[in-house]
Each structure stands twice: as C-alpha cells, then as structure tokens.
Amino acid sequence: MDHDFGLFGPSGGGAFGPELFDGAVPAEAPSPGGLWVHTEGGWFDVHALDTDGDGLVDTGTLTDASGTAVFTDLDADGLADVYHRVRTDGTFETWRFSGGAWRLMDRGDVG
C-alpha cells in the first residue's frame, strides 16, 4: 500500500477521508464536555463514552463507507489524542495529535 503522506495524511483524503464528518457542522473551538477532534475544517464532537468509569468521556467511534474510526482521549482534557482507522479494505492506520496536527504513527494490514 503506497501513499504520499503529508501533514494530515494521505494526499486527497486527509487523515479522516472525505466522508467521516460528512454532514457535521464544525465548531471554531472545543467546548466543555464531549470528546473533540481537530480537523482542517474545525473541531468536531464525536459524542464519546466513558469507557473506564472515571466520569469523563474518553472514547468515540464513527463509521463511514470507508471503515471505522476510534478516537481516544489519553490525558482527560476533552481532546482526542489518538485515532485508529480500520478500513474496509483490511488496512489500518494509527494517528497521534501532536503540535496541532495529526501525525501518522503506524499503518498496515489487519490480520
């Protein structure tokens, strides 16, 4: 699998692809509550759940025609730090939000 990776991921699709936030209205900045994801178009709340029982939302999942995305807040600040994308073609990508941008950490085949 060859891709030209730039600051926000594969050229032409970005880290998230064209459909992941399709129809959602971005915010200019995150607000309290929720789990917020930064994209080139603004901030999106992925309506996360509290998966570890500490009273703070930490994990949100979105699905589109290309696959499933799982966002995780590792430091409990309400902003997604890690993003895993499992695509319908059997590939995955792991991204980390650092320095105001999503950076590709790993990619490969599932299985």
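Worth saying up front: this structure is predicted, and the values here are computed from it rather than measured.
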*Interatomic distance, Trp36 atom CH2 to Ser31 atom OG [nearest 0.5 angstrom]*: 4.0 Å
_side chain to side chain contact (heavy atoms under 4.5 Å, CB included), paired with Phe44, selected from Val25, Leu62, Thr39, Leu35_ = Thr39
*What closest approach, in Å, do Glu19 and Ala65 show between heavy atoms, and which atom pair accounts for it?*
OE1-CB, 3.5 Å
*Interatomic distance, Trp43 atom CH2 to Glu28 atom CD [nearest 0.5 angstrom]*: 13.0 Å
_Quick one: does any side-chain atom of Asp73 pair with a main-chain N or O of Asp77 as donor and acceptor, under 3.5 Å?_
yes
*What is the distance from atom CD of Glu93 to atom CG of Asp106, rounded to the nearest 0.5 Å?*
10.0 Å
*Determine the minimum heavy-atom distance between Pro26 and Gly42, stating which atoms define it.*
CB-CA, 4.0 Å
*asked:* Hydrogens and angles aside, do Thr91 and Asp109 bring a side-chain donor and acceptor to less than 3.5 Å of each other?
replied: no
*Going by the angle between their ring planes, with limits at 30° and 60°, are Trp102 and Tyr83 parallel, tilted or perpendicular?*
perpendicular
*Mind checking who shares a hydrophobic cluster with Val82, ILVMFWY linked at side-chain heavy-atom distances under 4.5 Å?*
Leu74
*Would you sort out whether Leu20 and Arg85 count as a side-chain contact (heavy atoms from CB on, under 4.5 Å), showing the intermediate values?*
CA-CA 10 Å; Leu20 192 58; Arg85 179 76 155 155; 3.6 Å; yes
*asked:* How long is the straight-line distance from CG of Asp64 back to CG of Asp22, given to the nearest 0.5 Å?
replied: 8.5 Å
*Quick one: do Asp58 and Thr51 satisfy side-chain contact (heavy atoms from CB on, under 4.5 Å)? Show the steps, please.*
CA-CA 7 Å; Asp58 54 63; Thr51 62; 2.4 Å; yes
*Going from CE on Met105 to CZ on Arg96, what distance comes out if it is rounded to the nearest 0.5 angstrom?*
7.0 Å
*Mind checking side chain to side chain donor-acceptor pair (under 3.5 Å) for Thr94 and listing every partner two or more places apart, or none if nothing turns up?*
His84
_Walk me through whether Val57 and Leu49 qualify under side-chain contact (heavy atoms from CB on, under 4.5 Å)._
CA-CA 5 Å; Val57 296; Leu49 301 172; 5.9 Å; no
_Co-membership, hydrophobic cluster, residues Leu104 and Val70, 4.5 Å side-chain_ = no
*For Leu56 and Ala76, work out which heavy atoms get closest and say how close.*
CD1-CB, 3.7 Å
*asked:* Can you tell me how the ring of Phe16 sits relative to the ring of Phe21, calling it parallel under 30°, perpendicular over 60° and tilted otherwise?
replied: perpendicular
*Take Asp81 and Thr72 through the side-chain contact (heavy atoms from CB on, under 4.5 Å) test and state the conclusion after the steps.*
CA-CA 6 Å; Asp81 303 300; Thr72 305; over 6 Å; no
